[in-house]
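The structure displayed is predicted, hence computed values, not measured ones. Only this structure's heavy atoms are used, side chains among them; waters, hydrogens and symmetry mates stay out.
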Amino acid sequence: EKQKGLIGELFFIDNFLFPRFNKKISVENWFGPTGSKDFEFSKFHIEIKSKRSGSKPTISISSADQLEIIEGTKLFVAVFGIDKSDSKESFSVHDWCNKISDKIFNSNEPSVLGEFLQKLDDYGYSEDQDYSDEKWDIKEIIYYEVNDEFPKLVPTEISTAITNVNYSIYMNQLNSFKIAKEELEEFLDDAKS
C-alpha cells in the first residue's frame, strides 16, 4: 500500500508539477510523508489516493485534516488505480525514485535533491531494499475538486474530544465532484503565474 501511495505522489510530481513549477518548489511543497495533505501550495492543496484498480470503489481518509479546505485555496483529490504488472512498461518504486532523482540532479536546482531524498526516507523508502520484484502500472486516475458539499469529516465539524478519524468514501457518490484532467491542469497553469 505504501509503495502504491508513493508511486502516485511521484507520478503527480513528474507529470503535473515538474512541467509547471521548478524542481525546488515542487519538492518543497511535497508533504506526503509528513503533512496533513500530500501537496500544499499557497493557492491549492492536492491529496493523492492510490488503490487497486479493480478493488472496492472507496477512498480511504486517514485524518480529519486531509479533506479540510483552507480558506483562500482550492483542494483536489487524485485517485490512482495502480496494479502489479509484469509488462515492460511497468515500473518499480525504485525506478520511480531514480527517475525523479535524476531529473532533479540534472536540473538547475540539484541542491534540492537532498531534501527529496530525505522525504523518501521519511516515507519509509530505502535505496538499499530490493523492490525489483514488484512492478506497477497506473491503470486509471480520477480527479475530484473538494468543495463544501463534498462528503467529509473535518475538524470544525467533529467534537474536539475525538482524536483520530479514519473513514472511507464511496466513489460512486462522488460523480458530481469529478473534474477532467484538463481542468486540473488549467488550474495549475493559472496558479503558477
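- Between W30 and F12, the distance from one ring center to the other does not fall under 6.0 angstrom.
- Taken to the nearest 0.5 Å, the CD1 atom of I142 stands 10.0 Å off from the OG atom of S53.
- One N or O on the side chain of E109 and one on the backbone of K23 form a donor-acceptor pair closer than 3.5 Å.
- Annotation: D86, atom CG; neighbour count of heavy atoms from other residues, nucleotides and ligands within 6.0 Å does not exceed 12.
- Judged as a side-chain contact (heavy atoms from CB on, under 4.5 Å), and not counting sequence neighbours, P19 has no contacts.
- Across all their heavy atoms, K43 and D190 have their closest contact at NZ-O, 4.3 Å.
- In this structure, S90 and S85 approach most closely via the heavy-atom pair OG-O, 3.5 Å.
- Pairs engaging residues 134-169 under the ring pair (Phe, Tyr, Trp, His ring centres under 6.0 Å) rule: F16-Y143, F150-F177 [sequence neighbours left out].
- No side-chain heavy atom of P155 sits under 4.5 Å from any side-chain heavy atom of V165.
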Take L184 and I179, measure what side-chain contact (heavy atoms from CB on, under 4.5 Å) needs, and give me the verdict at the end.
-> CA-CA 7 Å; L184 177 56; I179 60 170; 4.1 Å; yes

Show your reasoning for whether side-chain contact (heavy atoms from CB on, under 4.5 Å) applies to I7 and F91.
-> CA-CA 9 Å; I7 287 169; F91 294 99; over 6 Å; no

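- Between the NZ atom in K4 and the NZ atom in K84 there is a gap of 9.0 Å [rounded to 0.5 Å].
- Among residues at least two apart or in separate chains, salt bridge (Lys or Arg N to Asp or Glu O under 4.0 Å) pairs with a member in residues 27-40 are K24-E28.
- Side-chain heavy atoms closer than 4.5 Å link hydrophobic residues (I, L, V, M, F, W, Y) into clusters, and following such links, even through other members, never connects F31 to V27.
- Side-chain contact check for D95 versus K135: some heavy-atom pair is nearer than 4.5 Å.
- For the ring pair (Phe, Tyr, Trp, His ring centres under 6.0 Å) condition, the pairs that include at least one residue of residues 54-80, sequence neighbours left out, are F11-F80, F76-F187.
- Residues passing the side-chain contact (heavy atoms from CB on, under 4.5 Å) test with K56, sequence neighbours excluded: T58, Y170.
- More than 12 heavy atoms of other shown residues, nucleotides or ligands fall within 6.0 angstrom of atom NZ in K99.
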Quick one: do K119 and E115 satisfy side-chain contact (heavy atoms from CB on, under 4.5 Å)? Show the steps, please.
-> CA-CA 6 Å; K119 289 183 177 183; E115 183 176 350; 3.3 Å; yes

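- Rounding to the nearest 0.5 Å gives a distance of 10.0 Å between OG of S111 and CD1 of I104.
- Using a 4.5 Å heavy-atom threshold, the side chains of I59 and I61 count as touching.
- Between E127 and Y125, some side-chain heavy-atom pair lies under the 4.5 Å cut-off.
- When all heavy atoms of S50 and G5 are compared, the pair lying nearest together is OG-CA, 3.7 Å.
- Taking all atoms of both residues into account, the shortest heavy-atom contact from S62 to K49 is N-NZ, 4.5 Å.
- Interatomic distance, OG of S101 versus CG of L113, reported as 5.5 Å (0.5 Å rounding).
- Linking Ile, Leu, Val, Met, Phe, Trp and Tyr whenever their side-chain heavy atoms come within less than 4.5 Å leaves V79 and L188 in two separate clusters.
- Linking Ile, Leu, Val, Met, Phe, Trp and Tyr residues whenever their side-chain heavy atoms come within less than 4.5 Å leaves F41 and L67 in two separate clusters.
- V77 and F44 fall into different hydrophobic clusters, where Ile, Leu, Val, Met, Phe, Trp and Tyr are joined by side-chain heavy atoms under 4.5 Å apart, directly or via other members.
- In plain terms, the two heavy atoms of E68 and V154 that are nearest each other are CA-CG1, 3.6 Å.
- Side chain of D121 to backbone of Q118: no donor-acceptor contact under 3.5 angstrom is found.
- S36 and D65 are not linked by any side-chain donor-acceptor pair at a separation below 3.5 angstrom, with hydrogens and angles left out of the test.
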C97 vs L6, side-chain contact (heavy atoms from CB on, under 4.5 Å): CA-CA, chis, key distance, verdict = CA-CA 9 Å; C97 292; L6 179 56; 4.1 Å; yes

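- For the atom pair CG of L17 and CD1 of I46, the computed distance is 7.5 Å after rounding to the nearest 0.5 Å.
- To the nearest 0.5 angstrom, H94 atom NE2 is 11.0 Å from L120 atom CG.
- Atom CZ of R20 sits in a crowded spot, with more than 12 heavy atoms from other residues, nucleotides or ligands closer than 6.0 Å.
- Atom CG of N106 has more than 12 neighbouring heavy atoms from other residues, nucleotides or ligands inside a 6.0 Å radius.
- Side-chain heavy atoms closer than 4.5 Å link hydrophobic residues (I, L, V, M, F, W, Y) into clusters, and following such links, possibly through other members, connects F116 to I48.
- Nearest approach of L10 to I100, heavy atoms of both residues: O-CD1, 3.8 Å.
- When the salt bridge (Lys or Arg N to Asp or Glu O under 4.0 Å) test is applied to K2, no partner is found at least two apart in sequence or on another chain.
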